[in-house]
Enquirer: 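One structure, pasted below without further comment.
Chain A is the first sequence line, chain B the second, and so forth, proteins listed ahead of strands; every chain is numbered from 1.
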Amino acid sequence: MRTTRIEVALKPGLRDARGDKVLRRARDFLGLSVQAVRTVRVYLVEGDFSGEILERFAREALCDPVIQIFSVGKPLSPALGFDYDWVIEVGFRPGVTDNEGRVAAEALELLLERPLDSSCEGVYSALQYLIKGTLSSEDLERMARELLANELIERWWILSRKEYEKTGITYPAPRVTERSEATVETWDLSRLSDEELLALSRERLLALSLSEMRTIRDFFRRPDFVEERLRHGLGPEITDVELECLAQTWSEHCKHKIFNARIHYRDLESGEEFTVDSIFKTYIRGSTEKIRQRLGARDFCLSVFVDNAGVIQLNDRWALAFKVETHNSPSALDPYGGALTGIVGVNRDPFGTGKGALLVFNTDVFCFAPPNWDKPLPPRLLHPRRIFEGVREGVEHGGNQSGIPTVNGSIVFDPRYLGKPLVYCGTGGILPLEICDEPSWRKGARPGDLVVMVGGRIGKDGIHGATFSSEALHEGSPATAVQIGDPITQKKMTDFLLRARDECLYTSITDNGAGGLSSSVGEMAREAGGAELDLEKPPLKYPGLKPWEILLSESQERMTVAVPPEKIDRFLELARRMDVEATVVGRFTDSGYFHLRYEGRTVGLLPLKFLHEGVPQMELFAEWHPPRHEEPDLPEPEDLGAVLRQMLSRLNVCSKEYVVRQYDHEVQGGSVVKPLTGARDDGPSDAAVLRPDLSRTDGIAVAHGICPKFSDIDTYWMAANAIDEAVRNAVCVGGDPEHMAGLDNFCWCDPIESEKTPDGRYKLAQLVRAARAVHDFTLVYGVPCISGKDSMKNDYLMALGLDPEGENPYGVGTILPDGSLKISVPPTLLFSVVARVPDVTRAVTMDVKRPGDLLYILGMTRDELGGSEYYASRGFVGVSVPRVNAEEARVRYLRLRDAIYYGLIASAHDASDGGLAVALAEKAFSGGYGLFVDLSAVPYEGCGRADFILFSESASRILVTVPRDRKRDFEKLMEGTTYALIGEVIAEPELIIRDGLGRDLVKEPLSALKAAWKTPLAEL
Amino acid sequence: MKPRALVLAGYGINCERETAHTLKLAGAEPEIVHLSDLLYGEKHLRDFHLLCFPGGFLDGDHLGAAQAAAHRLRHARIRHSSERLMDQILEFIAAGKLIIGICNGFQLLVKLGLLPALEKRYGERRVSLTYNDSGRFEDRWVYLRVNPSSPCVFTRGLSQLYLPVRHGEGKLVVESEEVLSSLRERNQIVLQYIHPNTGQPTQEYPYNPNGSVEAIAGICDPTGRVFGLMPHPEAFHHFTHHPRWTRGEVWEEPPGLKIFKNAVEYLRDTFLS
């Protein structure tokens, strides 16, 4: 097939910002002596086009005549007048989502006034780097591998200038050429021994246990079922379509088998013993049910735990859907694509909830290893700096291009996230309470409705996720390891579907994410009572997918909707008009079966009841023994000001402005409290406030809590603190704790005891304790969980032949007896909340406002430094983990809410990472005024050391400033709670903290404190 | 009667709802129209007084900001007719109506050659908007000076603005020095980024967030009726949008809203009185 190269680059003399960025990073990250870099965009145009068409295509569509030049069929570099030594060109592997290439292909179609023939025509993008510098070929290889390309999805070519200008560069366009026959494999499970069953599960990467394989085998022996199969031309053997469908539906990801297991729990210290039948039902849903009962008529929950997102009522007009997901493993492999898919993927959750929500905000929380990691990297892991930047950029592109503001987030650092970064992405959406005269949060496909797939096409993307190893890859085989999203294809789809929704054209909608059509249609079939799917009908990105692959593909930007037959013409017409692909792929029935056909032949027949309820419950064991840490014996520091500056520079404390600025946090025009606030717009907001409906003055607060550092002591208090922090943050900006809902997102390390997880019982006990805390604390706060998610296998495990007795050369993780390295993430719970703000014009920010205002602290400070940043900065964990007194905190938060609504509060800021001292510093330098603080006035229980009072991370504490003339009102309102007047805002730009004897403990200029806080992550 | 405003949507445009809301507050009768409705002939520009290209990421900004979308608009024909959408737009301009392009919409106007349209040569590309010098997309608020001598009808009576920019490709570059001096001489430079301390146009980051030549943030055509700007006026139509409103920094009339009110007033006077 003929391929023509078109190259486009900025005119000589114009600054190449992308090249500059590469230059900076090659020097700073890799230490290479690169002198200059310029970039050239490459388009590989495949097909027999005339020279005139190619020239026009380049000139009119690809090139901006004001700033760019181009070449067709020859290198552009000589025309750039740029003195370079090397060329690195990076292009996608076959089958990888190439958004640039897709848009270029569409532009070519406009020019040709006809669609491209996908069998022999196409446009593919690549990027060329012209590099000047004295570099070895190893240096260039390193630059390509560690900076410019990801070998899982990309290929690269390195040429010297001489080679390049002599021979040019030629390689085949990344077309998927591999074809497999559309065959269906079958197995007679009844003939397989236990070992063979397990081998089958292993070989096909099904991740089904022996008991699950046996359950399937036994079901396929049932005479009534076998008879029904015969009627449809199927034998008693199971087909690959069925086996894959069952494995997907029964996966941990979809059925949450650990959260639904029967767990026998023993506390080895106290002797307590009990059995819990599903920690999800007992603790998480259990608490929500109790809260809803208690609320009675004031219950604001509309749809919880049943749909793709949880839904609450917001006001008399709107419902709000909220969901947070994780995309950890894909982000470890391809940080950019993984995170991009994470955000556009979670967008489809509220979008596929009820009749479909309009998306109004995103949240993002990342957990990384420190970006300045200087120890050796274990094999196959990417440097944390690369993960950080890739994830950041993926979320930037996903969120910004979708036009959804990213309003709230944080970044947590711990070396153990080296093995697996955590990438939490959340999305909220609003639905009018009624759509087409029905409650908007309900949906229901009916028998007879058509199954319609909308959006992108199907490829081998993400089939069996990341586990499908890359070693089988060769030229021409599609890269399946990671899916890459395309925000614009999705935006076009959501624009269309919202219109179809308001025209009442469908009865149900859900997204195609994990598990693809198998999951979406399998789920919706439950609404109708059955479904038939014709697997040859969904449009494919390239030919040659087997039926089971079509069923399971995780290709992005797809929704499945149920369209009544009488509305299908209008639905398809609207889709065509709005340039969105929509295809009828089946029909909902009431047969009780998920019926799969390929070209008319039945290739799968699964009873819905068995599919959804047949998975056997796991039985697991948990044993709790509190970890033994010592309370450190620290000398009291002389210079507390210096310690404070150190604390402000800690990665977990310092400014994240670098990241926040690159996210659009204001699009849609509802921004009230932005993530960055204060006199210079750079203070760290506790939470976001926004108005999703611009015609109203009520709105929502969005916040979260996360503190995995406490997991090393006790996950019960880790979870309690996360919940408390989330609630507290939302209250600080004006969220109503009595109209607040939560989401629990657990990211755990594998908690099932095995050879590779000898400490599984302990890790499971950690899980039980955290879940129990979710129950206990959401119940007291009255903040129901409405949805959540768990991700249970966040470990790195690699056979490296290390010496189990020797030193770990990587400095993180543990060496197992067999010499493999295991790095488990610290058990991490993200608790996200959304709360109503009845009047956003009362919202409060964290920065001090004016000299003379009085400074109060709400809540008790104790010597609770276990797990604190202060101990961590000195290399200790400690014992005294902060404990949450939720009953007291709840009263405090309600009073503060009232004070905010009465207009008594000038600023409010929570004290968490780094304690009181850090919170004081942040309040002061964000507001641009100093603070004078009398430390002896702080309500405190403990040994009295100033450093402990300053850096303890006791829960539920808030610092507020109050105008002098509101002192009496405020104090009256807070009466009976633990609070104290501890100082005031001063005009001098200094933080002055004195002890009871009037001696300065801290006397630091705000500029120094702020510099310490802003420097560490000023730029990556 | 209220002037009718068409707010374009689709293909990655994403600020259409708040822009329509602001137009409504300003006294217009806005309608969000998907590009496909124009291309299918269901809507026609002649029925509107104001055409707004809102912010967004048309076609993901692949091939360069709004580059692919400009190509689409130049080639797209109205279904069952020989008319091109571009013809409708040129007629719209000739009829003396108003066009505003915001952020991605400004990029689109520039890449369609509708701005700066030196000597009213609409369709010629003479300036472009490209990657910020920082190499980054950024969301930040900027101070702007309005050129009092500009013919731009949207900025009448305004002298200083404070608005957010949210872009990665907002650096204005000109084809040649002559283009720049033409823009200057004909007062087609409407908005410039200024240093808050001096009030003067600045090349200093972050006050000039992208490195635009002569700190240009917005330009108009020679008639003043086609206006494009990188900052988002629709993002400051309510006092709570100001990043420091909780510190008492409140504008009597949000300047973003005023820009749309000016348009409404002009259209009322010109077409509806």
Side-chain angles (χ1 to χ4, degrees), chain A residues 10 14-15 17-18 20-21 60-62 64-68 99-100 102-104 106-107 110-111 396 400-404 486-488 491-492 495 499 577-579 661-674 676-679 681 691 694-695 840-841 843-845 847 849 927, chain B residues 9-15 17-19 21-22 34 36-37 40 55-64 67-68 71-72 74-76 111 125-128 130-141 164 166 173-175 211 232 234-235 237-241 243-248:
Chain A
L10 286 169
L14 284 177
R15 180 171 183 168
R18 192 204 296 257
D20 291 351
K21 202 187 259 188
E60 293 178 24
L62 303 179
D64 179 336
V66 179
I67 53 171
Q68 293 172 319
N99 293 323
E100 181 94 13
R102 178 186 54 72
V103 171
E106 285 172 17
L110 277 166
L111 209 60
E396 175 200 323
N400 292 1
Q401 294 187 13
S402 304
I404 302 166
D486 174 10
I488 297 307
K491 181 82 171 99
K492 281 162 70 178
D495 284 351
R499 197 144 153 186
R577 173 174 294 196
M578 295 178 76
D579 210 359
R661 279 265 170 252
Q662 296 186 69
Y663 293 156
D664 188 333
H665 42 260
E666 301 182 75
V667 61
Q668 300 196 13
S671 166
V672 175
V673 172
K674 305 179 205 304
L676 297 168
T677 192
D681 309 326
R691 288 183 303 145
L694 300 179
S695 64
V840 299
T841 68
V844 167
T845 52
D847 47 313
K849 298 298 186 301
Chain B
Y11 290 87
I13 291 173
N14 62 32
C15 296
R17 287 184 309 119
E18 66 267 36
T19 308
H21 179 79
T22 313
H34 195 276
S36 65
D37 294 333
Y40 272 70
F57 277 86
L58 279 162
D59 295 286
D61 278 357
H62 300 297
L63 317 187
Q67 167 84 4
H71 178 74
R72 185 190 300 284
R74 271 196 302 269
H75 285 272
K111 300 203 177 181
R125 294 168 70 163
R126 308 301 291 275
V127 311
S128 190
T130 187
Y131 292 99
N132 298 351
D133 277 349
S134 66
R136 295 200 289 257
F137 176 103
E138 285 193 331
D139 178 339
R140 62 168 73 245
W141 284 60
R166 311 192 304 251
V173 288
V174 292
E175 188 191 59
H232 286 268
E234 82 287 357
H237 69 252
H238 191 269
F239 76 94
T240 59
H241 288 138
R244 296 179 301 281
W245 71 270
T246 62
R247 302 181 64 79

Enquirer: For the atom pair CG (A:Leu694) and NE2 (B:His238), what is the distance rounded to the nearest 0.5 Å?
Expert: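 A:Leu694 atom CG to B:His238 atom NE2 measures 9.0 Å (nearest 0.5 Å).
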Enquirer: At a heavy-atom distance under 4.5 Å, which candidate from B:Gln67, B:Glu138, B:His75 has the highest pair count against chain A?
Expert: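 The answer is B:Gln67.
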Enquirer: Quick check on B:Ile13 against chain A: is it the side chain, the backbone, both or neither that has a heavy atom closer than 4.5 Å?
Expert: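 The answer is the backbone of B:Ile13.
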Enquirer: If we define contacts as heavy-atom pairs under 4.5 Å, which of A:Thr841, A:Asp664, A:Val844 has the most with chain B?
Expert: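 Of the options given, most contacts go to A:Asp664.
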Enquirer: Please classify the contact of A:Glu396 with chain B as side chain, backbone, both or neither, using a heavy-atom distance under 4.5 Å.
Expert: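 Only the side chain of A:Glu396 comes within 4.5 Å of chain B.
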Enquirer: Quick check on the interface: out of B:Gly135, B:Gly60, B:Gly12, B:Pro164, who has the most heavy-atom pairs with chain A under 4.5 Å?
Expert: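 If we count pairs closer than 4.5 Å to chain A, B:Gly60 comes out on top.
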Enquirer: What I want to find out is whether A:Asp495 reaches A:Lys491 closely enough, with some N-O distance under 4.0 Å, to be called a salt bridge.
Expert: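 Yes.
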Enquirer: Write down the atom of B:His62, the atom of B:Ala68, and the distance for their closest heavy-atom approach.
Expert: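 For B:His62 versus B:Ala68, the nearest heavy atoms are O-CB, 4.1 Å.
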Enquirer: Which region of A:Asp20, side chain (C-beta onward) or backbone (N, CA, C, O), has a non-hydrogen atom less than 4.5 Å from a non-hydrogen atom of chain B, or is it both or neither?
Expert: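 Contact with chain B: none, neither part.
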Enquirer: Using non-hydrogen atoms only, which part of B:Tyr40 is less than 4.5 Å away from chain A: side chain, backbone, both, or neither?
Expert: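 For B:Tyr40, side-chain heavy atoms alone lie under 4.5 Å from chain A.
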Enquirer: Please report the shortest heavy-atom distance between B:Trp141 and B:Ala235, naming the atom on each side.
Expert: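 Reported closest heavy-atom pair: CH2-O, 3.9 Å.
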Enquirer: Roughly how far apart are B:His241 NE2 and B:Phe239 CZ, rounded to 0.5 Å?
Expert: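 Answer rounded to 0.5 Å: 10.5 Å.
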Enquirer: With a 4.5 Å cut-off on heavy-atom pairs, point out which of B:Val174, B:Val173, B:Asp133, B:Thr240 contacts chain A the most.
Expert: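 Ranked by contacts with chain A, first place is B:Asp133.
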Enquirer: Rounded to the nearest 0.5 Å, what separates atom NE2 in B:His71 from atom CG in B:Asp59?
Expert: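 Going from NE2 on B:His71 over to CG on B:Asp59, the span is 10.0 Å.
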Enquirer: Which residue out of A:Pro487, A:Gly927, A:Ser402 racks up the most heavy-atom pairs below 4.5 Å with chain B?
Expert: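 Among the listed options, the one with the most contacts to chain B is A:Gly927.
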Enquirer: With a 4.5 angstrom heavy-atom cut-off, which part of A:Lys849 approaches chain B: side chain, backbone, both or neither?
Expert: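 Contact with chain B: backbone and side chain both.
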Enquirer: Relative to chain B, which of A:Thr845, A:Asn400, A:Ile67 shows the most heavy atom pairs under 4.5 Å?
Expert: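 Among A:Thr845, A:Asn400, A:Ile67, the one with the most close pairs to chain B is A:Asn400.
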Enquirer: Of all the heavy-atom pairs spanning B:Leu63 and A:Ala104, show the shortest one and how long it is.
Expert: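 Looks like CD2-CB, 3.9 Å.
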Enquirer: Pick from A:Lys21, A:Arg499, A:Glu106: which one has the most heavy-atom pairs with chain B under 4.5 Å?
Expert: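 The answer is A:Arg499.
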Enquirer: Side-chain contact, heavy-atom cut-off 4.5 Å: B:Arg140 with A:Asp681?
Expert: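 Not touching, per the 4.5 Å side-chain cut-off.
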Enquirer: So for B:Asn132, is it side chain, backbone, both, or neither that comes closer than 4.5 Å to the heavy atoms of chain A?
Expert: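 Contact with chain A is through the backbone of B:Asn132 alone.
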Enquirer: Let me know if A:Ser695 has heavy atoms under 4.5 Å from chain B in its side chain, its backbone, both or neither.
Expert: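 Answer is both: backbone and side chain atoms of A:Ser695 are under 4.5 Å from chain B.
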Enquirer: Go through the atoms of A:Arg661 and report whether side chain, backbone, both or neither lie under 4.5 Å from a heavy atom of chain B.
Expert: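 Both parts, backbone and side chain.
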Enquirer: Quick one: of A:Glu666, A:Lys492, A:Glu60, who has the most non-hydrogen atom pairs under 4.5 Å with chain B?
Expert: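 Maximum pair count with chain B is reached by A:Glu666.
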Enquirer: For A:Arg577 and B:Ser36, which heavy atoms make the closest approach, and how far apart are they?
Expert: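 Scanning both residues completely, I find the closest heavy atoms to be O-CB, 3.0 Å.
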Enquirer: Has A:Arg15 got a side-chain atom pairing as donor or acceptor with B:Tyr131's backbone, closer than 3.5 angstrom?
Expert: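 No.
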Enquirer: Once rounded to the nearest 0.5 Å, what's the spacing between atom CG of A:Asp64 and atom CG of A:Leu10?
Expert: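 Between atom CG of A:Asp64 and atom CG of A:Leu10 there are 9.0 Å.
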Enquirer: Is chain A contacted by the side chain of B:His21, its backbone, both, or neither, given a heavy-atom distance below 4.5 Å?
Expert: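 Side chain only.
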Enquirer: For B:His237, is it the side chain, the backbone, both, or neither that has a heavy atom closer than 4.5 Å to a heavy atom of chain A?
Expert: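 For B:His237, the contact with chain A is made by the side chain alone.
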Enquirer: Counting heavy-atom pairs under 4.5 Å with chain B, which one of A:Leu110, A:Leu62, A:Val667 comes out on top?
Expert: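 Most heavy-atom pairs under 4.5 Å with chain B: A:Val667.
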Enquirer: Between B:Asn14, B:Asp61, B:Leu58, B:Thr19, which has the largest tally of heavy atom pairs under 4.5 Å with chain A?
Expert: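 When all of B:Asn14, B:Asp61, B:Leu58, B:Thr19 are compared, B:Asn14 has the most.
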Enquirer: Please report the closest heavy-atom contact between B:Tyr11 and A:Ile488, naming both atoms and the distance.
Expert: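 Taking every non-hydrogen atom into account, O-CG2, 4.1 Å.
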Enquirer: Testing the basics here: between A:Val672 and A:Ala843, what is the closest heavy-atom pair and its distance to 0.1 Å?
Expert: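 In this case the closest contact between A:Val672 and A:Ala843 is CG1-CB, 4.3 Å.
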Enquirer: I need the residue from B:Glu234, B:Arg74, B:Arg166 with the largest number of non-hydrogen atom pairs under 4.5 Å to chain A.
Expert: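 When all of B:Glu234, B:Arg74, B:Arg166 are compared, B:Arg166 has the most.
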Enquirer: Counting heavy-atom pairs under 4.5 Å with chain A, which one of B:His34, B:Glu175, B:Lys111, B:Arg72 comes out on top?
Expert: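 Maximum pair count with chain A is reached by B:His34.
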